[in-house]
Peer 1: 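Sharing a structure here in structure tokens format.
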Protein chains: 2
Amino acid sequence: MGRVSDAKVRLMDAVLELLWTGSYGSTTIDHICERAGVKKGSFYYFFNSKADVAVAALDTSFQARRVELDAMFSPSVPPTERIRKYCEFGYLLQVEMKAKFGYVLGCPLFTLGAEVCTQEQAVGAKIQEILEYKARYFETAIRDGHAAGAFHAPDAAAKARVVRAYIEGLLTQARIQNDLEILREMPEGVFAMLGARSVNAVTV
Amino acid sequence: MGRVSDAKVRLMDAVLELLWTGSYGSTTIDHICERAGVKKGSFYYFFNSKADVAVAALDTSFQARRVELDAMFSPSVPPTERIRKYCEFGYLLQVEMKAKFGYVLGCPLFTLGAEVCTQEQAVGAKIQEILEYKARYFETAIRDGHAAGAFHAPDAAAKARVVRAYIEGLLTQARIQNDLEILREMPEGVFAMLGARSVNAVTV
DNA sequence: CGAGTAGTTGACTGTTTAGTCTAATATGAT
DNA sequence: ATCATATTAGACTAAACAGTCAACTACTCG
């Protein structure tokens, strides 16, 4: 029924790119429309505000990301391997983004979350929700690793928090310094925190 | 000679507060003027732009902070104590800010740096400069601690990077979640990374 | 005290931005 | 084919915003 269109998807793609390469503040509805090749009238047909399109885009994007994470953190994969793959995949993504945009972009959720959490309640809440989901992958991997004797992490939840703080912090540093190199220390840093048995064997 | 005024200082104080509680994007020159009780004409008498006042304010603020850091990280203080004090002081500051503004604000440099680094070259560069200074305090403390046998950190510079990524990451998480509690794990996390001898003895 | 200087004021311009509305257009279902 | 409806176009308003300017004020030093 009625006319069909992929304008909604294009708008969500556009806002994600603008948020990631720039910031929430530097992303205007006009820019989003321009990037998506959509007129403002259409924008307001699909969304109510910048916050609205941001939340929708973050949600949709994470649903897709989830499939990858489920594969990467599958219980069928050894815990050490899960985390190694995550670091490697993340690194390659940053390399790709730097090649594409000229900047190391870091974690969009973290950067954006820090920017808007005191101002845009809805966006902040969505980001918190997604970050919590992500944390669970780590918690499970760490718990499994501890059980298997690969890590020393009696309190898996606490260790997961430490590891995530480190990873997000490092990604953000990489963004601020626009430097890919510091990301190469990530696996080493993470496995040291986890008291991994053979750190050398897993260095990228 | 001529008329005297503290308007410049008031403008710098105002911009810092707005940047910290909100974001670069949400901070407008009109808001800065309003908060400082200064008219726009005066703003442009002292500064050329938002980026200009931000850089000046960050610089001035760090010069003051430096005195505190010099005391805290004095070579006369045992390395473990330097870091413990840093964590404690930082925590109390966050408590104060949460009481004052209703939000955990995290590290203004880090949040701001991540927001603007791809857009405002001058601000990004100033933030990088200050963060580098801060990193040196840690590096020295860690090197001293290793020499004294309190830490295991043969590569002090690398350890300092790990520790700072963790600290900044944790502070930013606290901001995103508006949660003071997770900050209480900081000393424990840091000293674990440093392979400190007596973790319990230094927990806050 | 008066002259030069540092700082202030507020009204002004032009631009960017969010958000609205109406008429037009394309498409699927019948 | 045509009808209901999903989508689009683009011009419009109002507000927020950055930045300018010339006249005014208060201070200090000689």
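Quick note on labels: first sequence line is chain A, next is B, and so on, each numbered from 1.
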Peer 1: Can the ring centres of A/Tyr137 and A/Tyr86 be said to be less than 6.0 Å apart?
Peer 2: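 Centroid distance A/Tyr137-A/Tyr86: not below 6.0 Å, so no.
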Peer 1: Roughly how many Å is it from CD1 in B/Ile32 to C1' in D/dA18, rounded to a whole number?
Peer 2: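 In whole Å, D/dA18 C1' and B/Ile32 CD1 are 11 Å from each other.
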Peer 1: Can you tell me how far P of C/dC21 sits from CZ of A/Phe43, to the nearest Å?
Peer 2: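 The distance from CZ of A/Phe43 to P of C/dC21 comes to 17 Å, rounded to the nearest Å.
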Peer 1: Can you tell me whether the side chain of B/Lys40 and the base of D/dG19 have a donor-acceptor pair closer than 3.5 Å?
Peer 2: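 Yes, the side chain and the base share a sub-3.5 Å donor-acceptor pair.
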Peer 1: May I ask you to evaluate whether A/Ser5 reaches the phosphate of D/dT8, defined as a side-chain N or O under 4.0 Å from OP1 or OP2?
Peer 2: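 The answer is yes; a side-chain N or O of A/Ser5 sits under 4.0 Å from OP1 or OP2.
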Peer 1: Please lay out, stage by stage, how A/Ile182 and A/Gln177 fare under the test side chain to side chain contact (heavy atoms under 4.5 Å, CB included).
Peer 2: CA-CA 9 Å; A/Ile182 63 172; A/Gln177 299 170 221; 4.2 Å; yes
Peer 1: Between B/Thr27 and B/Gly41, which is nearer to the 5' end of DNA chain D once each is assigned its nearest nucleotide?
Peer 2: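 Between the two, 5'-proximity favours B/Thr27.
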Peer 1: Quick one: on DNA chain C, does B/Gly2 or B/Asp6 contact a more 5' nucleotide (nearest heavy atom)?
Peer 2: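 So the residue in question is B/Gly2.
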Peer 1: Would you indicate, yes or no, if C/dT20 has its OP1 or OP2 atom less than 4.0 angstrom from a side-chain nitrogen or oxygen of A/Tyr44?
Peer 2: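 No, no such contact exists.
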Peer 1: OP1 or OP2 of D/dA18 less than 4.0 angstrom from a side-chain nitrogen or oxygen of B/Ser49, does that happen here?
Peer 2: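 For B/Ser49, the contact criterion (side-chain N or O under 4.0 Å from OP1 or OP2 of D/dA18) is not met.
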Peer 1: Output yes when B/Glu68 and B/Arg65 qualify as a salt bridge under the 4.0 Å nitrogen-oxygen rule, no when they do not.
Peer 2: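 Salt bridge: yes.
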Peer 1: In whole angstrom, what separates A/Ile29's CD1 from C/dT20's C1'?
Peer 2: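 For the pair A/Ile29 CD1 and C/dT20 C1', the rounded distance is 12 Å.
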Peer 1: Should B/Ser42 be listed as having a side-chain N or O under 4.0 Å from OP1 or OP2 of C/dT8?
Peer 2: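 For C/dT8, OP1 or OP2 has a side-chain N or O of B/Ser42 closer than 4.0 Å.
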Peer 1: Quickly work out the B/Asp30 CG to C/dT13 C1' distance and round it to whole Å.
Peer 2: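 These atoms are roughly 14 Å apart.
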Peer 1: Between atom CD in A/Glu34 and atom C1' in C/dA18, what is the gap in whole Å?
Peer 2: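 Result: 16 Å.
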Peer 1: Round to a whole Å and report the spacing from OH of B/Tyr45 to P of D/dT25.
Peer 2: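 So the two atoms are 17 Å apart, to the nearest Å.
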Peer 1: Is A/Arg3 side chain donor-acceptor paired with the C/dT25 base, going by distance under 3.5 Å alone?
Peer 2: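 Per atom types, the contact qualifies.
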Peer 1: Can the positive tip of B/Lys98 be found less than 6.0 Å from the middle of the six-membered ring of B/Tyr103, inside 45° of the ring normal?
Peer 2: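 That pair does not qualify as a cation-pi contact.
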Peer 1: Using whole Å, what does the distance between atom P of nucleotide C/dT20 and atom CZ of A/Phe47 come to?
Peer 2: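 Going from A/Phe47 (CZ) to C/dT20 (P), I get 16 Å.
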Peer 1: Tell me, with the steps shown, if B/Leu171 and B/Glu168 meet side chain to side chain contact (heavy atoms under 4.5 Å, CB included).
Peer 2: CA-CA 5 Å; B/Leu171 281 166; B/Glu168 298 287 10; 4.2 Å; yes
Peer 1: B/Lys39 side chain N/O closer than 4.0 Å to the phosphate oxygens (OP1, OP2) of C/dT8?
Peer 2: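 B/Lys39 to C/dT8 OP1/OP2: no side-chain N or O under 4.0 Å.
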